**Student:** 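There's a structure below that I have some questions on.
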Number of protein chains: 2
Amino acid sequence: MILSVDLTSDVPIYQQIRDRVVEAIAEGRLAEGSPLPSTRQLAVDLGINFHTVNKAYDLLRRQGLLRLNRKSGAVVRRDAGSGPPEADFTGDWQARLRTLLAEAVAHGVDGDTVVAACREVLASFATPQEQRP
Amino acid sequence: MILSVDLTSDVPIYQQIRDRVVEAIAEGRLAEGSPLPSTRQLAVDLGINFHTVNKAYDLLRRQGLLRLNRKSGAVVRRDAGSGPPEADFTGDWQARLRTLLAEAVAHGVDGDTVVAACREVLASFATPQEQRP
DNA sequence: TGTTCTGTTCTATACATACTAGAACAGTGC
DNA sequence: GCACTGTTCTAGTATGTATAGAACAGAACA
């Protein structure tokens, strides 16, 4: 199974699929050119409707991470080595980073601890790994 | 005006209020003990329904950042100097950090650039400032 | 005491989103 | 022809968002 979702979570399924694919690309388990399961196949594997998978794939396509066509199916379009991000990405991402870091600081987390947590996450991406606990 | 929201955004209003309060605490514009406007007053200021403000305040209360009662109104309960975060905070926060950083890495952002962006955000919290552009 | 403010808790409605479901179409490869 | 792919419709239910009105209980103040 390439990814798993929690059907009982309050996070929408299509967004969970998006997040898992994004994390898989960051971890290197999916590289540029890697094929993904077809929408119908993944829907069967996850026990959900194929329209939900279609929505997740379309979201990834609009974010520039996936290339979709009838010929080759769903293929990863970018990874960590694909060069600098597209223009409209950085601004929105930094705003979300600001909100997330503010949450930690407001809860009393030290600045150095925040940076250390970021480094730890980035290191886990750089380290090849087949399965996460 | 202590905070502003974008009524045309696709981000729910109650979540925007939550985010702005969290950021204000992180920036030091709101400290432990600082009073917030009453739900009805803030609703009038923002031109929205007071139930929406009530939802945002209740969310902040459940996250441990606000103390609500009839006596003192809405008061900030934690800030950057209130000690280590509560137990159930860290795990969930790190998962969201992982997803957000994965998004940047997958789009081709360099690891050092990510850390630099985090440092920049944290520095902007530490620097006293009345108004952000 | 009476008034006014506060948070809190109900019901109700309109609208958008999330998810499921079925069907059909147009390319592609066998 | 057949089986697969992504794509695009319609349609239904369930949940979430934001609105609105009403009422209650506790606290502050004249």
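The figures here come from the full heavy-atom set of this structure, side chains too, leaving out hydrogens, waters and symmetry mates. All chains are named by letter (A, B, ...) in the order of the sequence lines, taking the proteins before the strands, and each is independently numbered beginning at 1. It should be emphasised that the depicted structure is a prediction, and the values quoted were computed from it without experimental measurement.
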**Student:** For dA20(D), take OP1 and OP2 only and decide whether either is under 4.0 Å from a side-chain N or O of Asn49(B).
**Tutor:** yes
**Student:** May I have the distance from Arg62(B) (atom CZ) to dG7(C) (atom P), rounded to whole angstrom?
**Tutor:** 17 Å
**Student:** With the side chain of Phe50(A) defined as its heavy atoms from C-beta on, choose the nearest nucleotide among dA23(C), dA18(D), dT20(C).
**Tutor:** dA23(C)
**Student:** Nearest whole Å is fine: how far is dT19(D) P from Ile17(B) CD1?
**Tutor:** 9 Å
**Student:** Of all the choices, dG7(C), dT17(D), dC19(C), which nucleotide is nearest to the side chain of Ile13(A) once you look at every atom?
**Tutor:**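 My answer, after comparing the listed nucleotides, is dC19(C).
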**Student:** Would you say Ser38(B) reaches dT6(C)'s phosphate, i.e. side-chain N/O to OP1/OP2 under 4.0 Å?
**Tutor:**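 Answer is yes, contact under 4.0 Å.
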**Student:** Determine: side-chain N/O of Lys55(B) to OP1/OP2 of dA18(D), distance under 4.0 Å, yes or no.
**Tutor:**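 So the side-chain polar atoms of Lys55(B) never come under 4.0 Å of the phosphate oxygens OP1 or OP2 of dA18(D).
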**Student:** Can you find a heavy atom in the side chain of Leu60(B) that is under 4.5 Å from one in the side chain of Leu68(B)?
**Tutor:** no
**Student:** Near Arg119(B) CZ, under 6.0 Å, is it more than 12 heavy atoms from other residues, nucleotides or ligands?
**Tutor:**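 Not more than 12 within 6.0 Å, no.
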**Student:** Measure from CZ on Arg67(A) to P on dT5(D) and round the result to the nearest Å.
**Tutor:**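 Going from Arg67(A) (CZ) to dT5(D) (P), I get 18 Å.
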**Student:** Taking atom P of dC4(D) as reference, at what distance in whole Å does atom CD of Gln41(A) sit?
**Tutor:**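 Distance check: Gln41(A) CD to dC4(D) P gives 10 Å.
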**Student:** Using heavy-atom distances to pick each residue's nearest nucleotide on DNA chain D, tell me which of Thr39(A) and Asp10(A) is more 5'.
**Tutor:** Thr39(A)
**Student:** Rounded to whole Å, please give me the gap between CG in Asn69(B) and C1' in dA27(D).
**Tutor:**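 These atoms are roughly 10 Å apart.
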**Student:** Spell out, as yes or no, whether a donor-acceptor pair under 3.5 Å connects the side chain of Arg67(B) to the backbone of Val75(B).
**Tutor:**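 Checked: no pair found.
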**Student:** How is Tyr14(A) classified with respect to the nucleic acid when contacts are heavy atoms under 4.0 Å: base, sugar-phosphate, or nothing?
**Tutor:** sugar-phosphate
**Student:** Among the nucleotides dA18(D), dA23(C), dG7(C), which one has an atom lying closest to any side-chain atom of Arg70(B)?
**Tutor:** dG7(C)
**Student:** Does Lys71(A) have a side-chain nitrogen or oxygen under 4.0 Å from the phosphate oxygens OP1 or OP2 of dT5(D)?
**Tutor:** no
**Student:** Rounding to a whole Å, what distance do you find between Leu59(B):CG and dG16(D):C1'?
**Tutor:** 14 Å
**Student:** Please determine whether the number of non-hydrogen atoms from other residues, nucleotides or ligands lying under 6.0 Å from atom CD of Glu120(B) exceeds 12.
**Tutor:** no
**Student:** What is the distance, to the nearest angstrom, from the CG atom on Leu46(B) to the P atom on dA18(D)?
**Tutor:**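 Distance check: Leu46(B) CG to dA18(D) P gives 12 Å.
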**Student:** Does dT5(D) have OP1 or OP2 sitting under 4.0 Å from an N or O in the side chain of Ser72(A)?
**Tutor:**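 False: Ser72(A) side-chain N/O out of range (4.0 Å or more) of dT5(D) OP1/OP2.
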**Student:** Closest nucleotide of DNA chain C for Leu68(B) versus for Arg40(A): which of these residues is on the 5' side?
**Tutor:**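 The residue closer to the strand's 5' end, by nearest nucleotide, is Leu68(B).
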**Student:** Between His51(B) and Tyr57(A), name the one whose nearest nucleotide on DNA chain D is closer to the 5' end.
**Tutor:**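 Closest to the 5' end, via its nearest nucleotide, is Tyr57(A).
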**Student:** Which of these passes side-chain contact (heavy atoms from CB on, under 4.5 Å) with Ile17(B): Val22(B), Leu46(B), Leu59(B)?
**Tutor:**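 The single option meeting the side-chain contact (heavy atoms from CB on, under 4.5 Å) with Ile17(B) is Leu46(B).
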**Student:** Under 4.0 Å, counting only non-hydrogen atoms across every strand here, what does Asn54(A) touch: a base, just sugar-phosphate, or nothing?
**Tutor:**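 The answer is base, as Asn54(A) lies within the cut-off (heavy atoms under 4.0 Å) of a base atom.
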**Student:** In whole Å, I'd like the distance from the CZ atom of Arg18(A) to the C1' atom of dC19(C).
**Tutor:** 19 Å
**Student:** Counting heavy atoms from C-beta on, name the nucleotide in dT6(C), dG6(D), dT17(D) closest to the side chain of Pro12(B).
**Tutor:** dT17(D)
**Student:** Answer yes or no: is there a side-chain heavy-atom contact under 4.5 Å between Val114(A) and Leu97(B)?
**Tutor:**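 Sidechains of Leu97(B) and Val114(A): no contact.
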